[in-house]
Amino acid sequence: MTGCDTLLMVGTSFPYSEFLPEEGKARGVQIDIDGRMLGLRYPTEVNLVGDSAATLRALLPHLERKQDRSWREQVEQQMADWWRVIEERAMNEANPINPQRVFWELSPRLPNDCILTSDSGSAANWFARDLRLRRGMMASLSGNLATMGCGVPYAIAAKFAYPDRVAIALVGDGAMQMNGLAELVTVAKYWRRWTDPRLVVLVLNNRDPGHLGAAGDGGQSEVRGVAGHPRPALRSLRRDDRPEGHPRRDPGRDRPGLGGGARRRPTRRPRRRHRPRGAAAAAAHHLRGGEEVRPGRRQGRSGAAGDERAR
Ligand SMILES: Cc1ncc(C[n+]2csc(CCOP(=O)(O)OP(=O)(O)O)c2C)c(N)n1
Ligand SMILES: [Mg+2]
């Protein structure tokens, strides 16, 4: 990309502008359905607001095939070399397992129409590098490439948007701990509604909730194995890692309902409608190509939400 003469950015908010061509070295053209994204990361000359596919189709007749193919051939060669490097890295032995091998082997085994999601963390590297997406598949990585915790909610959103397709979330243990585990409650609540109930979650458990963050290099360095630093068990965290001066106390001692004190009934709260919120709702909307999707929305007694209430 650093050697291009024209940079075409399509539907992207790629945040690491240091990897884009130097300003002035390339002419920038950007397409986005949201005008606010245009020119955000690079001083683009032509800013096109619109649906990416339709806009690209409109631009196609303006392309001229270059007679000099050398730059294109050079890029093709570099890509072929890169795939060899990726395979070599995947074949490196590691204890207990080399995650790149997992992704490498997963790639050809993926169902044709599966929907993949990935989270921030090392999973994002292997997702981007080791998987070869085939036509018909869909894939989503954390918006802006930088927010943790989207992997499982995106997969849930995918199941609502396309209930007949397998969704596969590829996430780290940190992301899984952050909200993925809690989102399994959502899966347990809704999976019966999906024509094909399969939602697969692959967790890279390196016992490190901050591998990439610690490396601080955006995942550029080659990560060997998944040894990471051992994460202290939550129980020992509570016992040994208390801030100094923080008094040791029995959490249940003075809090009714946590095992200590007199039990009393929890205050009743009004029942709320259940439907995917936040990232899940936004991603379902996005996957549907902008069409309004509110899977759990009240649809009268005979609607899906009505059935859910009846259950
Ligand atoms: C809300 C939020 N907090 C922190 C970060 C910085 N961050 C990005 S990846 C990552 C580590 C993710 O850990 P894990 O899910 O276990 O993946 P690993 O890299 O260990 O495989 C952190 C802390 C972030 N991007 N977003
Ligand atoms: Mg981890």
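All figures in this text were calculated on a predicted structure; none of them were measured in a lab. Whatever order the structure lists ligands and atoms in, that order sets their numbers, starting from 1.
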**OP:** Run the contact test for Asn206 against ligand 1 with a 4.0 Å cut-off on heavy atoms, strictly below, and give the result.
**Re:** yes
Note to self: Using side-chain hydrogen bond (donor to acceptor under 3.5 Å, both in side chains), reason through Thr44 and Asn47 one step at a time and then give a plain yes or no.
What the structure shows: CA-CA 7 Å; Thr44 40; Asn47 292 312; 2.6 Å; yes
Walk me through whether Leu59 and Leu48 qualify under side-chain contact (heavy atoms from CB on, under 4.5 Å). CA-CA 11 Å; Leu59 287 178; Leu48 302 167; 4.0 Å; yes
At the Mg ion (ligand 2), OD1 of Asp173 and OD1 of Asn206 open up to roughly (10° bins) 90°
Restricting to heavy atoms, the pick from Leu170, Asp173, Asn125 nearest atom 16 (O) of ligand 1 would be Asp173
Check your understanding: Is it true that the side chains of Asn92 and Glu88 contain a donor and an acceptor less than 3.5 Å apart?
Key -> no
Practice prompt. Spell out, as yes or no, whether a donor-acceptor pair under 3.5 Å connects the side chain of Tyr190 to the backbone of Phe160.
Written response: no
(request) Answer with yes or no whether Leu204 contacts ligand 1, where contact means a heavy atom under 4.0 Å from a ligand atom. (result) no
For Asp208, the N, O or S atom at the shortest distance from the Mg ion (ligand 2) is O
Polar side chain donor-acceptor pair, Glu73 to Ser70, under 3.5 angstrom: no
Item checked: SB check Lys66 Asp68 (cutoff 4.0 Å) -> no
| message | Are any of the N/O atoms on Ala123, whether in the backbone or the side chain, positioned under 3.5 angstrom from an N/O atom of ligand 1? | response | no
Check: Ile156 and Leu199 side chains under 4.5 Å, non-hydrogen atoms:
yes
Atoms of ligand 1 under 4.0 Å from any heavy atom of Gly174, numbered from 1 in the order shown, are 14 (P), 15 (O), 16 (O)
- Query: Is Ala175 close to ligand 1, meaning an N/O of one under 3.5 Å from an N/O of the other?
  - Reply: yes
Within 4.0 Å of some non-hydrogen atom of Gly121, the atoms of ligand 1 are 9 (S), 17 (O), 19 (O)
